[in-house]
Amino acid sequence: MRILVRGRLRRGNPLRRRSDVVAAWTALGVAVLLFAGTPLAGVGAGLWAHRQAAALAAAQRAERHQVRARVIGTPSRTLPAADGTEHPRRAAVRWTEAATGEHTAEARVPAGTLAGDVVDVWADARGHGVGAPPGDAAVWQHTVTVGGCAAGGAALLVVLGHGAARRIAMRRRLREWEREWARTGPDWTSGAA
C-alpha cells in the first residue's frame, strides 16, 4: 500500500492528470482526518463535557441535601414502564430541620409509597423538593455521549466534505475530457468515414 501511494503521488506518468494527483492527496487527507482528527475531536469534546458536568454535579451537591420526610399526600399515579417496573412518583412531603423549621414540598418518592410513609428526599437551600444531584456514573455517561457524538459528527463532516470534493473533481475531470475529445475527436473519426 505504501509503494502504491508513493507511486500514485510521485511517479512521472504522462497519462497522470493533475486531478488524479489532487484526488490522491485528498484521499490521504481524508484518511488522516478520519483516523486521527475525529478521535481527537471526540476526546476534546468529551473532556470539555466532563469538566462541565463535573462542575455542575459539584455545585448541585453543594446546594442540595437529603432529608427524611413523611409523605402527607397521595402519590401521583403513573403508568408502569414497558418492563413492568414503576417510576418514582411525586407526592407532598413534610420534614423539619433544626435551622429552618418545618417544610412542605412536592418531591419524588419511590413507587409503592403510601401516605404516612417516611422516605428520603432531596431538598435545596430554599426548602424545595428537587432531584438527586448527578453521580459519577451520570457524569461519565454524559462525557461518553458527548465525545461519541462529536467524533461521529466530525467523521460525518469529513465524509460529506470528501464526497463534495469528489463530485467537484469529477465534474472538472469530465470537462477536461470533453475539451480533449473536442480537440482529438475529429482526428479519430475522420479516418473511419
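The analysis underlying the following values was restricted to heavy atoms, covering all of them including side chains, and did not include hydrogens, waters or symmetry mates.
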So how far is it from His65 NE2 to Glu63 CD, rounded to the nearest 0.5 Å? 11.0 Å
Linked, directly or transitively: Trp95 and Val71 (ILVMFWY side chains, under 4.5 Å): yes
For Ala54 and Val139 the tightest heavy-atom approach is N-CG1, 4.0 Å
Can you find a heavy atom in the side chain of Met170 that is under 4.5 Å from one in the side chain of Leu174? yes
Are Leu40 and Leu34 connected in a single hydrophobic cluster, I mean Ile/Leu/Val/Met/Phe/Trp/Tyr linked by side-chain heavy atoms less than 4.5 Å apart? no
Return the minimal non-hydrogen interatomic distance between Ala57 and Pro133, and the atom names on each side. O-CB, 4.4 Å
Could you tell me if the side chain of Thr104 sits less than 4.5 Å from the side chain of Ile72, heavy atoms only? yes
For Gly42 versus Ala150, what's the shortest heavy-atom pair and its separation? CA-CB, 4.2 Å
Within the 4.5 Å heavy-atom criterion, are Glu97 and Val67 side-chain neighbours or not? yes
With a 6.0 Å cut-off (strictly less than), is the heavy-atom count around CD of Gln141, excluding the residue itself, greater than 12? no
Once you round to the nearest 0.5 Å, how far does CD of Gln52 lie from CG of Leu47? 12.0 Å
Walk me through it: do Arg94 and Glu102 pass the test side-chain contact (heavy atoms from CB on, under 4.5 Å)? CA-CA 7 Å; Arg94 182 174 293 145; Glu102 188 173 277; 3.3 Å; yes
Presence of salt bridge, Arg173 and Glu176, under 4.0 angstrom: no
Identify the two heavy atoms, one from Gln60 and one from Pro134, that lie closest to each other, and give their separation to 0.1 Å. OE1-CD, 2.8 Å
Enclosure of Arg61 CZ (heavy-atom neighbours >12, cutoff 6.0 Å): yes
Determine whether His162 and Thr26 satisfy the following criterion, side-chain contact (heavy atoms from CB on, under 4.5 Å), listing intermediate values before the conclusion. CA-CA 8 Å; His162 180 62; Thr26 303; 3.6 Å; yes
Rounded distance [0.5 Å steps], OG1 in Thr143 versus CH2 in Trp48: 10.5 Å
Run the side-chain donor-acceptor check on residues 113-125: report pairs under 3.5 Å with partners two or more places apart or on a different chain.
{"residue": "Thr113", "atom": "OG1", "partner": "Pro110", "partner atom": "O", "Å": "2.6"}
{"residue": "Asp117", "atom": "OD2", "partner": "Leu114", "partner atom": "N", "Å": "2.9"}
{"residue": "Asp120", "atom": "OD1", "partner": "Arg68", "partner atom": "NH1", "Å": "2.9"}
{"residue": "Asp120", "atom": "OD2", "partner": "Arg68", "partner atom": "NH1", "Å": "3.3"}
{"residue": "Asp124", "atom": "OD1", "partner": "Arg126", "partner atom": "N", "Å": "3.1"}
{"residue": "Asp124", "atom": "OD1", "partner": "Gly127", "partner atom": "N", "Å": "3.1"}
{"residue": "Asp124", "atom": "OD1", "partner": "His128", "partner atom": "N", "Å": "2.8"}
{"residue": "Asp124", "atom": "OD2", "partner": "Arg126", "partner atom": "NH2", "Å": "3.3"}

Could you check whether any side-chain heavy atom of Arg108 comes within less than 4.5 Å of a side-chain heavy atom of Arg89, counting everything from C-beta outward? no
Output yes when a side-chain donor or acceptor of Arg64 lies under 3.5 Å from a complementary backbone atom of Gly131, and no otherwise. yes
So do Val158 and Val30 actually touch side chain to side chain, heavy atoms under 4.5 Å? yes
Between Arg90 and Val109, does a side-chain contact (heavy atoms from CB on, under 4.5 Å) hold up when you go through it step by step? CA-CA 6 Å; Arg90 297 199 62 80; Val109 297; over 6 Å; no
